[in-house]
Number of protein chains: 2
Amino acid sequence: MPDPDPARGTASERPTIHDVARLANVSPATVSKVLRGVGAVKADNAARIHQAVRELGFRIDPLAANLRRSRRSIVGLVVPDFRNPFFGSIVAAFERLAESSGYRLVAVSSSEKPEREGSQIEALLDWRVAGLIVVPMGETPPVQASIRDQNVPMVLIDRVPDETGFDKVAVNNAEASAAVIRHLAGLGHRRILVACASPERTTMRERMRGVMAAAEAAGLAGAVEVVACGHDVASAMAAMAERFAAGNLPTAAFALFSPATLAILREVERRGLAVPRDLSVVGFDDVEWMQVTHPPIAAVIQPIEEIAGTAWTQLMHRLANPGGAPCSFEVTCRLDFRASVAPPGQ
Amino acid sequence: MPDPDPARGTASERPTIHDVARLANVSPATVSKVLRGVGAVKADNAARIHQAVRELGFRIDPLAANLRRSRRSIVGLVVPDFRNPFFGSIVAAFERLAESSGYRLVAVSSSEKPEREGSQIEALLDWRVAGLIVVPMGETPPVQASIRDQNVPMVLIDRVPDETGFDKVAVNNAEASAAVIRHLAGLGHRRILVACASPERTTMRERMRGVMAAAEAAGLAGAVEVVACGHDVASAMAAMAERFAAGNLPTAAFALFSPATLAILREVERRGLAVPRDLSVVGFDDVEWMQVTHPPIAAVIQPIEEIAGTAWTQLMHRLANPGGAPCSFEVTCRLDFRASVAPPGQ
DNA sequence: CTGAAAGCGCTTACAG
DNA sequence: CTGAAAGCGCTTACAG
């Protein structure tokens, strides 16, 4: 009894390419040809096929269509956390890029856990994705063996480890951070607080490297006071509360990640300090609220669209030209020195 | 020449179920049975199959596996915008839920455009998703015809229109808003500013309904001053700037959407007003920074996990028991009256 | 308990 | 220019 129930009304109601072929009085192979727009088909046949497609409301099943090819028209994206608006913007940017290239984006999250990152990538490989974009968690790029075995191009973005053998796109973390220090030094600041998270992330290490290099060049090598915190808001808050309670504050603060910016401002508010008079404040990463506080908070702005665009172009390039040495791209952050920054005491 | 190139190294390297069968000396059908864990298989055959799976590193192709069934084990989620952390949390919640039920989540965005919402849903239907979760944009639920035709269960969440014929999950927008007004009235506020966005969204209408009902019940019917703005930060800023410039402010403000909360606080800062002394402030939706300002800002907190959990449970129920009248669920917001709220003048 | 055969919805050579 | 046949990687009856 192969499905004799007429009242079932399941997905079988969707017309297939065979239904179209029957209605247009041609073979499925011919329908396939006009659908893909390849090869030559007699004009009136093509017309009848298009008519039949319209009449039945036929839509191709992209997953089935790709089954016979080795690869599907899907690109997988792995981000650490959807709840972080920075990664939300990353997802949005790649969704748009994929759409305009005829790919579908499947975005998944690693929940900031390296082992989950690996399993998520494996799951994407099970789907035979054409390519991968990954914001990696740690030093070792995830499940390298499987990715290499299957020749799936992967582009690493944002927190890219040093030597991976994969293409990567990062911002000029060191130089942008150095520019902040130079700017503060130029304004006359002689003691600067720098809030950084665990140096496991390459982004943090790079930013610290830029800070130190610029401080040294400005003759302020000993004047940078580093406060280390965890990555989340709560731990940044705790670290800043402790530091501010100790008194004897520098005249400027540079937060190397956005929860720290929040934490610094909270202490400023709690203690009735004034920005920038008592403390100039700059944060890495721009967040919506930073432009609406009084004063607005200076920021190092990561060019998300450009990061995504660069990664996407490279991925498309790899798809068209497999093989070749891995490439490394660097895009430039914009610095917006808003009113939270001024010479000491002003 | 069917692929004679030994150096190709494409996806064909992935072992298939036939490779496993060959190595284990059984048929693919038998491998399939042990893989799915159904039916009975002789113990030593099963053992050899498992061994072969391990040896080859075989992983099933879930998309191909579902081809013969009418439906794939994918659930589609449509949100208006990935960049909004509220929706980011929604995506994160459903990703977890899907994972624990053996489904994969494919999240897409409608970019706040109704026509794109429709095309995104069509694309998901092309993938033969098992079910849909949608945060709808407008009054008319999207592409109803296709969804009904294909009997794909859909659960609407957050901004749910009134009569849709689909399952839906919303928060108690009206009651939560009423509770805020009652609280402010109870503290002695006699004039309250309410910032609302366009009433096209059912959430806005519901919140306004609650506000008005509570004001009336408290004998403050004429004392609620409504300021209407667009949905984005910029337009909320403009509207608030104009209102604050006009002077003669109420003693409390209730923002019905989070950009308005930001806009109100910005005017407060700009004009050197003090919260809560000059103005008590409450915002609908809790955002990270609201707990770190001084004072922390009172909020109506939407229970995202509960919204997602309720919607997921209902979707799974529909999958198991198709048909039946649509259900409507309401979950309760939590009110956190932080220090931004006090009696007038305190 | 097992496997040959047919099928899911398409595409891909290939013979005509 | 067209269609029959085989195939993508799996599952599903069904005969043995």
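In what follows, chains carry the letters A, B, and so on, assigned in the order in which the sequence lines appear, proteins first and then strands, with residues in each chain numbered from 1.
Note on B:Arg96 versus B:Glu305: salt bridge recorded, some NZ/NE/NH1/NH2 to OD/OE distance being below 4.0 Å.
Taking atom CG of B:Leu56 as the reference point, atom P of D:dC10 lies 12 Å away to the nearest angstrom. In this structure, the CD1 atom of B:Ile60 is 15 Å from the C1' atom of C:dC8, given to the nearest Å. Rounded to whole Å, the distance from CZ on A:Arg22 to C1' on D:dA4 is 16 Å. Counting to the nearest Å, the P atom of C:dG9 and the CZ atom of A:Arg59 are 17 Å from each other. Look at CZ on B:Arg128: it is 20 Å from P on D:dC10, rounded to the nearest Å. If you measure from atom CG of A:Asn66 to atom C1' of C:dT11, you get 10 Å, rounded to the nearest angstrom. Distance, A:Asp44 CG to D:dC1 P: 11 Å, rounded to whole Å. Atom CH2 of B:Trp127 and atom P of C:dG9 are 18 Å apart (whole Å).
Checking C:dT12, D:dC10, D:dC8 against every side-chain atom of B:Ala65, the shortest atom distance belongs to D:dC10. The A:Ala40 side chain lies nearest to D:dC1 when the options are D:dT11, D:dC1, D:dT12. Across C:dT11, D:dC10, C:dG9, the shortest atom-to-atom separation from the side chain of A:Arg69 is found for C:dT11. With C:dC1, D:dG9, C:dT11 as the candidates, the nucleotide lying closest to the side chain of B:Lys42 is C:dC1. Out of D:dG3, C:dG3, C:dC10, the shortest distance to the side chain of B:Val26 is found at C:dG3. Distances were taken from every side-chain heavy atom of A:Leu67 (C-beta onward) to each of D:dC8, D:dC1, C:dC10; the shortest belongs to D:dC8.
In terms of phosphate contacts, A:Ser27 brings no side-chain nitrogen or oxygen within less than 4.0 Å of OP1 or OP2 of D:dA4. At C:dA13, none of the side-chain N or O atoms of A:Arg68 fall inside 4.0 Å of OP1 or OP2 (strictly under the cut-off). At the phosphate of C:dT12, OP1 or OP2 sits under 4.0 Å from a side-chain N or O atom of A:Arg36. OP1 or OP2 of D:dT11 lies within a sub-4.0 Å distance of a side-chain N or O belonging to B:Ser32.
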So what's the dot-bracket for DNA chain D: Watson-Crick or G-U pairs under 3.5 Å, [ ] if a pair crosses, | if it pairs off-strand? |||.||||||||.|||
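Contacts of B:Arg72 with the nucleic acid, taken as non-hydrogen atoms under 4.0 Å apart, are absent. Using a 4.0 Å heavy-atom distance criterion, A:Leu35 is classed as making no nucleic acid contact. In this structure, A:Leu63 reaches neither bases nor backbone, as no heavy-atom distance under 4.0 Å exists between it and the strands shown.
Nearer to the 5' terminus of DNA chain C, by closest-nucleotide assignment, is the contact made by B:Val41 (compared with the other of A:Lys33 and B:Val41). Remark on DNA chain D: of its neighbouring residues B:Ala29 and B:Ala64, the 5'-side contact belongs to B:Ala64, judged by nearest-heavy-atom nucleotide.
With sequence neighbours excluded, the residues satisfying side chain to side chain contact (heavy atoms under 4.5 Å, CB included) with B:Ser27 are B:Ala29, B:Thr30. Contacts of A:Ser101 classified as side chain to side chain contact (heavy atoms under 4.5 Å, CB included), with partners at least two apart in sequence or in another chain: A:Tyr103, A:Trp312, A:Met316. Take A:Arg201 and apply the side chain to side chain donor-acceptor pair (under 3.5 Å) test, not counting sequence neighbours, and it matches A:Glu112, A:His231. Residues satisfying the side chain to side chain contact (heavy atoms under 4.5 Å, CB included) test with A:Asp126, not counting sequence neighbours, are B:Arg14, B:Arg59, B:Pro62. In this structure B:Glu200 satisfies the side chain to side chain donor-acceptor pair (under 3.5 Å) test with no other residue, sequence neighbours excluded.
A cation-pi geometry, defined here as NZ or CZ lying under 6.0 Å from the six-membered ring centre and within 45° of its normal, holds between A:Arg148 and A:Phe166.
One P atom belongs to D:dG7, the other to C:dA4, and the distance between them is 16 Å to the nearest Å.
Counted by atom type alone, A:Asn66 and A:Ser73 present one or more donor-acceptor pairs between their side chains at under 3.5 Å. Using modelled atom types, one finds no donor on one side chain facing an acceptor on the other under 3.5 Å when comparing B:Thr202 with B:Arg159.
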